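What follows is a set of notes on a single structure, which appears directly below.
In listed order, ligands and their atoms are each counted from 1. For this chain, numbers begin at 1 and follow the sequence in order. All values below were derived from every heavy atom in this structure, side-chain atoms included, with hydrogens, water molecules and symmetry-related copies excluded. Quick caveat, the model's predicted, so the values are computed rather than measured.
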Amino acid sequence: MAKELGVGIIGCGNISTTYFSLAPLFKGLNIRACADINRSAAELRAEEYGVAAQSVDELLANDELDVIVNLTIPATHFAVSKSILQAGKHVYSEKPLVLSLEEGEELQAMAKAKGLAVGCAPDTFLGGSHQLARQYIDEGGVGRITSGTCHVMSPGMEMWHPNPGFFFLAGGGPILDLGPYYIANLINLIGPVKRVGALTSMANPTRTISSQPLAGQTIPVETPTNIHALLEFVSGATITLSASWDVWSHRHANMELYGTEGSLYVPDPNFFGGTVEASGRNKDIKPLEAWDHPFGKVNQESPNGPRANYRTAGLADMAIALIDGRDPRCSLERALHGIDVMTSILKSGEEGRFIDMTTTCTQPAALGIDEAQALLR
Ligand SMILES: NC(=O)c1ccc[n+]([C@@H]2O[C@H](COP(=O)([O-])OP(=O)(O)OC[C@H]3O[C@@H](n4cnc5c(N)ncnc54)[C@H](O)[C@@H]3O)[C@@H](O)[C@H]2O)c1
């Protein structure tokens, strides 16, 4: 197989700039064309990043493309990914992969029948900090993980995103929008989930946008914006996950994991970097010794300060996995299990009962310093 894959992008909105600007850091990727239902959005990105702007149909038929990245909104992920597979190309999707397990299983069957791969974000668990946490757990630093807590809570999305309506419709909400970062990292650190239970609610049936250009517009809320879930892992670990857009401020950490020998404090799974801390039985909490992981190195300024951002690492890992014939870390099997976990959390909230997972997955291979370096140009 070729040493790099021709990449096309469908969906040229907010996150597309991250893919266009960071993909050149990685081996195996060559972005050649982009498309959007809104032609001018594709033309804008094409001009900014020196690729071809095409219609969606032209892009699907483009012989120079091996993999198409689906950066459309969650409600169209399934239909767009299905059309990519029908066109005979590999898919890499932004999260969430799809909005129901049935849709995911249909993609899985199609991909299998056609011998194509489907990969899915998030890839932030490949970050230097999360891989350091993974190494510490694998080496027995905190013993066997028995429990933990995860909290991702804020006032919402209508204050910053230019077009936030989709976040509050079915397929949005904090569990499907931000849950993927937490579930993917928990799968990375602990493995697959066995069953879930949850209470869900929403503070308000409508929200008012305060970001530009739609400031003042009222949008409907059609999915829970406040979720308190319990996850039992196959390993036996039990984790509390609260995800909310109805909280103005709080004092909970993003992720704390408690083991038989100590505790591990994992930074925000939405990002690649951050400080990992741990304590032993003596309760003395200290940062883990930093390691020189390529995906922990600061490479960007952001409104919150300098940060490490290597989004597209999951796409690059999938490209190299296809070239080398190995399991991609951001695989369909893991994304589908994540969808099972998240949609079962919402279902549990509706039905008031615990729900057993019908899917499972393996932990992704750890991505140490050498493996991460090998993905970079
Ligand atoms: N914005 C972020 O910071 C961010 C971060 C991580 C992940 N994501 C994920 O990335 C995806 C896109 O988010 P975004 O913020 O870029 O949204 P966005 O609304 O800014 O952009 C989506 C683009 O997709 C296009 N589109 C919609 N339906 C289409 C279709 N059927 N065919 C072709 N084009 C279509 C829209 O015209 C728009 O340009 C979402 O799944 C989101 O969860 C976003």
Side-chain angles (χ1 to χ4, degrees), residues 8-22 33-46 48 53-60 68-84 86-87 91-99 103-104 119-127 152 154 156-185 209 211-214 219 223 243 245 268-272 300 302-304 307 309-315 330 335 338-339 342:
I9 289 181
I10 301 183
C12 295
N14 205 276
I15 197 66
S16 67
T17 55
T18 301
Y19 280 76
F20 280 111
S21 59
L22 295 179
C34 65
D36 195 291
I37 203 166
N38 170 7
R39 177 89 195 189
S40 60
E43 280 166 1
L44 182 68
R45 294 287 180 256
E48 277 178 282
Q54 297 192 295
S55 70
V56 172
D57 286 343
E58 284 166 353
L59 190 97
L60 290 172
I68 297 186
V69 184
N70 182 354
L71 303 183
T72 65
I73 55 173
T76 57
H77 281 178
F78 171 62
V80 170
S81 291
K82 195 171 160 178
S83 67
I84 297 168
Q86 273 161 347
V91 178
Y92 186 84
S93 175
E94 249 307 330
K95 49 79 191 166
L97 173 69
V98 285
L99 303 185
E103 289 176 347
C120 189
D123 53 6
T124 41
F125 71 88
L126 301 176
V152 53
S154 75
M157 312 299 267
E158 68 275 31
M159 301 87 182
W160 70 272
H161 195 281
N163 191 13
F166 75 83
F167 288 115
F168 300 98
L169 302 177
I175 201 71
L176 279 162
D177 182 59
L178 294 166
Y181 296 104
Y182 287 75
I183 306 299
N185 208 18
I209 299 175
S211 59
Q212 293 301 336
L214 303 176
I219 47 175
T223 190
W245 286 335
D268 190 342
N270 198 346
F271 299 100
F272 282 75
Q300 266 188 357
S302 81
N304 301 323
R307 70 175 180 192
N309 187 359
Y310 295 88
R311 283 179 198 241
T312 66
L315 171 63
C330 298
I339 292 296
M342 293 183 291

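Within 4.0 Å of ligand 1, protein heavy atoms belong to Ile10, Gly11, Cys12, Gly13, Asn14, Ile15, Asp36, Ile37, Val56, Leu71, Thr72, Ile73, Pro74, Thr76, His77, Val80, Glu94, Lys95, Trp160, His161, Phe166, Asp177, Tyr181, Arg311, listed by chain and number.
Partners of Glu103 by salt bridge (Lys or Arg N to Asp or Glu O under 4.0 Å), not counting sequence neighbours: none found. Partners of Asp36 according to the side-chain hydrogen bond (donor to acceptor under 3.5 Å, both in side chains) rule, which considers only residues two or more places apart in sequence or in another chain, do not exist here. Partners of Asn163 under the side-chain hydrogen bond (donor to acceptor under 3.5 Å, both in side chains) rule, at least two apart in sequence or in another chain, do not exist in this structure.
A distance-only check finds a donor-acceptor pair linking the side chain of Ser211 to the backbone of His161 [under 3.5 Å].
Of the N and O atoms on the side chains of Arg311 and Thr18, not one donor lies less than 3.5 Å from an acceptor on the other residue.
Residues Leu97 and His77 share a closest heavy-atom pair of O-CB, 3.3 Å.
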